[in-house]
Asks: 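Before I ask anything, here is the structure I am working with.
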Amino acid sequence: QVQFVESGGGLVQPGGSLRLSCSTSGFLFGAAVLKWYRQAPGKEREFVARIDATGRRKNYADSVMGRFIITRDNARKMTFLQMNSLKPEDTAVYYCKANDYTTWGRGTQVTVES
């Protein structure tokens with residue numbers, strides 16, 4: 001019942017930007033802490049960004065600090081990840097997640113290369 005559908009990934013040059021979207025359903029969105037994760041080829045899934053239920057507190061992995069911005073739209077039950085100044089090491093499948101649920105979506109592929 002709990003669902004996450006990520007979109008917005010694609011191929012981008014180093015230094016470029018992408019905006020990822022996550023549509024959700026099946027839970028009380030307004031009360032949920034939301035997160036973005038990513039999994040690069042040959043690596044474990046890692047934390048990228050977090051936003052609390054109010055949208056006022058945000059946390060980021062050191063590797064993306066100052067480059068990525070997480071937001072949420074409670075009316076649309078969506079979260080977004082604005083990705084700027086992209087680097088080749090940002091290449092990964094990106095996933096959104098609600099902290100209190102174990103369900104994962106299929107993710108969206110982000111590839112950064114010339």
Side-chain angles (χ1 to χ4, degrees):
Q1 183 173 0
V2 177
Q3 295 184 344
F4 302 91
V5 181
E6 301 91 344
S7 63
L11 178 64
V12 63
Q13 295 181 343
S17 297
L18 283 174
R19 178 179 168 88
L20 306 184
S21 299
C22 174
S23 298
T24 75
S25 62
F27 65 98
L28 191 60
F29 184 91
V33 172
L34 304 173
K35 297 178 178 179
W36 284 90
Y37 290 82
R38 67 187 182 187
Q39 187 167 22
K43 295 187 176 181
E44 298 296 319
R45 183 174 289 159
E46 65 174 346
F47 166 80
V48 174
R50 173 190 183 274
I51 186 167
D52 72 3
T54 70
R56 298 174 190 145
R57 180 174 293 179
K58 302 175 182 180
N59 304 96
Y60 301 93
D62 289 343
S63 59
V64 307
M65 183 73 70
R67 299 189 297 121
F68 291 10
I69 302 171
I70 185 172
T71 57
R72 66 190 296 159
D73 184 336
N74 286 5
R76 299 168 64 190
K77 295 182 171 60
M78 298 183 69
T79 182
F80 306 91
L81 187 68
Q82 178 65 46
M83 309 165 65
N84 302 314
S85 301
L86 284 162
K87 305 174 181 180
E89 50 263 45
D90 294 318
T91 295
V93 177
Y94 284 73
Y95 303 86
C96 59
K97 177 79 164 59
N99 194 56
D100 293 340
Y101 303 92
T102 59
T103 302
W104 294 89
R106 61 190 176 191
T108 185
Q109 176 71 50
V110 173
T111 303
V112 185
E113 65 179 17
S114 299

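What you are looking at is a predicted structure, and each value in this text was computed from that prediction instead of being measured.
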Asks: In a check of side-chain contact (heavy atoms from CB on, under 4.5 Å) between R38 and each of L81, V64, T91, T108, which one passes?
Replies: V64
Asks: Using side-chain heavy atoms (C-beta onward) and a distance below 4.5 Å, is I51 in contact with W36?
Replies: no
Asks: Do V33 and D100 have side-chain heavy atoms sitting under 4.5 Å apart?
Replies: no
Asks: So, taking the atom named OG1 in T71 and the one named NZ in K58, what distance separates them when rounded to the nearest 0.5 Å?
Replies: 6.0 Å
Asks: Side-chain contact test, heavy atoms from C-beta onward, threshold under 4.5 Å: evaluate it for S7 versus V5 and give yes or no.
Replies: no
Asks: Between Y37 and F47, what is the ring plane arrangement, given parallel below 30°, perpendicular above 60°, and tilted in between?
Replies: perpendicular
Asks: Are the side chain of R72 and the backbone of D52 linked by a donor-acceptor contact shorter than 3.5 Å?
Replies: yes
Asks: Kindly compute the distance separating CD (Q82) from CG (L20), expressed to the nearest 0.5 Å.
Replies: 8.5 Å
Asks: When you check the gap from the basic side-chain N to the acidic O, do E6 and R106 get nearer than 4.0 Å?
Replies: no
Asks: Does Y94 belong to the same Ile/Leu/Val/Met/Phe/Trp/Tyr cluster as V112, with side-chain heavy atoms less than 4.5 Å apart forming each link?
Replies: yes
Asks: Nearest 0.5 Å please: distance from the CG atom of D73 over to the OG atom of S23.
Replies: 10.5 Å
Asks: Please determine whether residues M65 and V48 belong to a single hydrophobic cluster, defined as Ile, Leu, Val, Met, Phe, Trp and Tyr linked transitively by side-chain heavy-atom distances below 4.5 Å.
Replies: yes
Asks: Just verifying a value: how many Å separate E113 CD and Q13 CD, rounded to the nearest 0.5 Å?
Replies: 9.5 Å
Asks: How close do V93 and G107 get, heavy atom to heavy atom, and via which atoms?
Replies: CG1-CA, 3.8 Å
Asks: Is there a side-chain contact between F29 and L34 (heavy atoms, below 4.5 Å)?
Replies: yes
Asks: Please tell me if the side chains of S25 and K77 come closer than 4.5 Å, counting only heavy atoms from C-beta onward.
Replies: no
Asks: At what distance, to the nearest 0.5 angstrom, does CE of M78 lie from SG of C22?
Replies: 7.5 Å
Asks: Indicate, with yes or no, if Y95 and L18 share a hydrophobic cluster defined by side-chain heavy-atom contacts under 4.5 Å among Ile, Leu, Val, Met, Phe, Trp and Tyr.
Replies: no
Asks: Atom CD in Q39, atom CD in Q109: separation rounded to 0.5 Å?
Replies: 10.5 Å
Asks: Between T111 and L11, is there a donor-acceptor pair closer than 3.5 Å when you use the side chain of the first and the backbone of the second?
Replies: no
Asks: Could you check whether any side-chain heavy atom of R67 comes within less than 4.5 Å of a side-chain heavy atom of D90, counting everything from C-beta outward?
Replies: yes
Asks: Look at the aromatic rings of F27 and F4 and report parallel, tilted or perpendicular, splitting at 30° and 60°.
Replies: tilted
Asks: Are I69 and Y60 packed together at the side-chain level, in the sense that at least one heavy-atom pair is separated by less than 4.5 angstrom?
Replies: yes
Asks: Measuring only between side-chain heavy atoms, which start at C-beta, is K35 closer than 4.5 Å to N99?
Replies: yes
